[in-house]
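Below is one structure, written out as structure tokens; the observations come after it.
Each residue takes its place number in the sequence, starting with 1.
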Amino acid sequence: MTAALLDGKTLAAQLRLQLRQQIETQMAQGQAPPGLAVIIVGEDPASQIYVRHKRTACTEIGILSTVHILPTATPESELLTLLDQLNENQQIHGILVQLPLPAHINTQTVLERIHPHKDVDGFHPYNVGRLVLRMPLLRSCTPKGIMTLLQKNNIPLTGQDAVIIGQSNIVGRPMALELLAARCTITVCHSRTRDLSAKVRQADILVVAIGQAEFVHGDWLKPGAVVIDVGMNRLPDGRLVGDVHGASAIEKASWITPVPGGVGPMTIASLLENTVQAAYSNHSPS
């Protein structure tokens, strides 16, 4: 068996085209283009590259994006004041604070300061709570992109055993909620999980998001498993690899996401979808 690739790059391009057409239709009816504000605190090169990719995608489909680059030493109070201003700005429909933030800034305080209906990352407790209650509005981008990738490739979900390695608020926990809502049976694994390989061997669907290069090997996999590799790790020789050992996994899985070109493009596509939804859907909490 050789796994088929879950091509996030191609699907993301299709989604961007659909979003551009939606924006053009809305603007033809007299509505303003969606506006996205991105905030970077500090000079982390990886964050700046990722934000540049987001801005390029925004420009492609007609979202007006602005970037606020703040010094590393920016006080938390100053960042919160900027968020208050953006919350009140009617031309800004989505606000994204690039993570991680410097250690002196409380990440949760910052994320909760963003108004829920502008929370296009889907990190605010309001939006996470809506997902828990199976009433989703703005959904966390990476899990949402993974669900779109699975659904567009007609991969069965109902009744499947899904194993997630990683319990972060950004990927692991909302991913579990997404798959649970799709009627999968969920196991979430983490650093204290015993006999991890045995848990993985039970998985019809495996999502790996731990940030450790090639951690999961193909001999851990159930034959025919669907493997979603969220990781992006650069090896000393310069190669980009995921959290799954791709060469061995591809011989065991039925479907697998490539790295790069799998989950990453779908995450950005989901951010664009959330921004368009925030601009053109009335879903603000009372």
Side-chain angles (χ1 to χ4, degrees), residues 34-42 44 46-47 50-51 54 58 63 65-147 164 166-178 180-181 188 190 209 211 230 267-268 270-286:
L36 173 67
V38 180
I39 300 173
I40 307 176
V41 184
D44 178 61
S47 293
Y50 193 44
V51 167
K54 291 174 181 176
C58 286
I63 292 174
S65 65
T66 58
V67 176
H68 302 263
I69 302 177
L70 306 179
T72 302
T74 298
E76 181 180 292
S77 60
E78 186 175 323
L79 174 56
L80 295 177
T81 297
L82 174 59
L83 289 173
D84 291 341
Q85 294 169 353
L86 294 172
N87 282 331
E88 295 300 319
N89 187 334
Q90 296 302 305
Q91 295 180 321
I92 298 297
H93 305 97
I95 302 170
L96 182 156
V97 177
Q98 186 66 36
L99 303 179
L101 291 169
H104 68 280
I105 296 177
N106 186 304
T107 297
Q108 199 56 43
T109 299
V110 168
L111 295 179
E112 291 189 36
R113 195 65 161 248
I114 300 170
H115 195 285
H117 78 255
K118 296 190 178 188
D119 168 41
V120 289
D121 261 333
F123 294 159
H124 194 284
Y126 174 85
N127 285 315
V128 176
R130 297 281 308 206
L131 184 58
V132 170
L133 297 175
R134 293 183 291 178
M135 302 165 59
L137 290 174
L138 294 174
R139 296 153 58 194
S140 183
C141 295
T142 296
K144 178 181 180 181
I146 291 169
M147 295 303 295
I164 301 157
Q167 61 164 349
S168 74
N169 291 342
I170 295 174
V171 180
R173 291 170 186 258
M175 189 76 249
L177 294 169
E178 291 277 3
L180 184 61
V188 179
H190 45 75
V230 182
T267 297
I268 293 178
S270 296
L271 170 68
L272 302 177
E273 287 182 326
N274 281 353
T275 303
V276 172
Q277 179 182 345
Y280 299 135
S281 300
N282 180 18
H283 59 254
S284 59
S286 58

What is the minimum heavy-atom distance between [X] and [Y], and which atoms define it?
| X | Y | result |
| --- | --- | --- |
| Ala209 | Val171 | CB-CG1, 3.7 Å |
| Asp121 | Val97 | OD2-O, 4.1 Å |
| Gly42 | Thr72 | CA-OG1, 3.2 Å |
| Leu137 | Gln277 | O-NE2, 3.3 Å |
| Ile114 | His124 | O-CD2, 3.2 Å |

(request) Answer yes or no: are there more than 12 heavy-atom neighbours, outside Gln108 itself, under 6.0 Å from its atom CD? (result) yes
(message) Measuring from atom CD1 of Ile95 to atom CG of Leu86, what distance do you get when rounded to the nearest 0.5 angstrom?
(response) 5.0 Å
(request) Quick one: pull up CG in Leu96 and NE2 in His68 and give me the separation to the nearest 0.5 Å. (result) 11.5 Å
Any non-hydrogen side-chain atom of [X] less than 4.5 Å from a side-chain atom of [Y]?
| X | Y | value |
| --- | --- | --- |
| Leu80 | Val110 | yes |
| Leu271 | Lys54 | yes |
| Gln85 | Leu82 | yes |
| Thr66 | Ile92 | yes |
| Leu79 | Thr81 | no |
| Val230 | Ile146 | yes |
| Asn169 | Pro174 | no |

(message) My understanding is that only residues two or more places apart in sequence, or in another chain, count here; which of them pass side chain to side chain donor-acceptor pair (under 3.5 Å) with Asp84?
(response) Arg113
(message) Which residues pass the side chain to side chain donor-acceptor pair (under 3.5 Å) test with Ser270, not counting sequence neighbours?
(response) none
(request) Could you check Thr107, Leu111, Thr109, Thr74 and say which one makes a side-chain contact (heavy atoms from CB on, under 4.5 Å) with Leu101? (result) Thr107
So does [Y] get a backbone contact from the side chain of [X], meaning a donor-acceptor N/O pair under 3.5 Å?
| X | Y | value |
| --- | --- | --- |
| Lys118 | Asn87 | yes |
| Gln167 | Val188 | no |
| Asn127 | Pro116 | yes |

(request) Show your working on side-chain contact (heavy atoms from CB on, under 4.5 Å) between His93 and His117 and close with a plain yes or no. (result) CA-CA 8 Å; His93 305 97; His117 78 255; over 6 Å; no
(message) The criterion is side chain to side chain contact (heavy atoms under 4.5 Å, CB included); which residues satisfy it with Ile170, sequence neighbours excluded?
(response) Leu99, Phe123, Ser168
(message) So, applying salt bridge (charged side-chain N to carboxylate O under 4.0 Å, His left out) with Glu178, which one of Lys144, Arg173, Arg139 is it?
(response) Arg139
(request) Would you please test Leu83 and Ile39 for side-chain contact (heavy atoms from CB on, under 4.5 Å) and show each step? (result) CA-CA 9 Å; Leu83 289 173; Ile39 300 173; 3.5 Å; yes
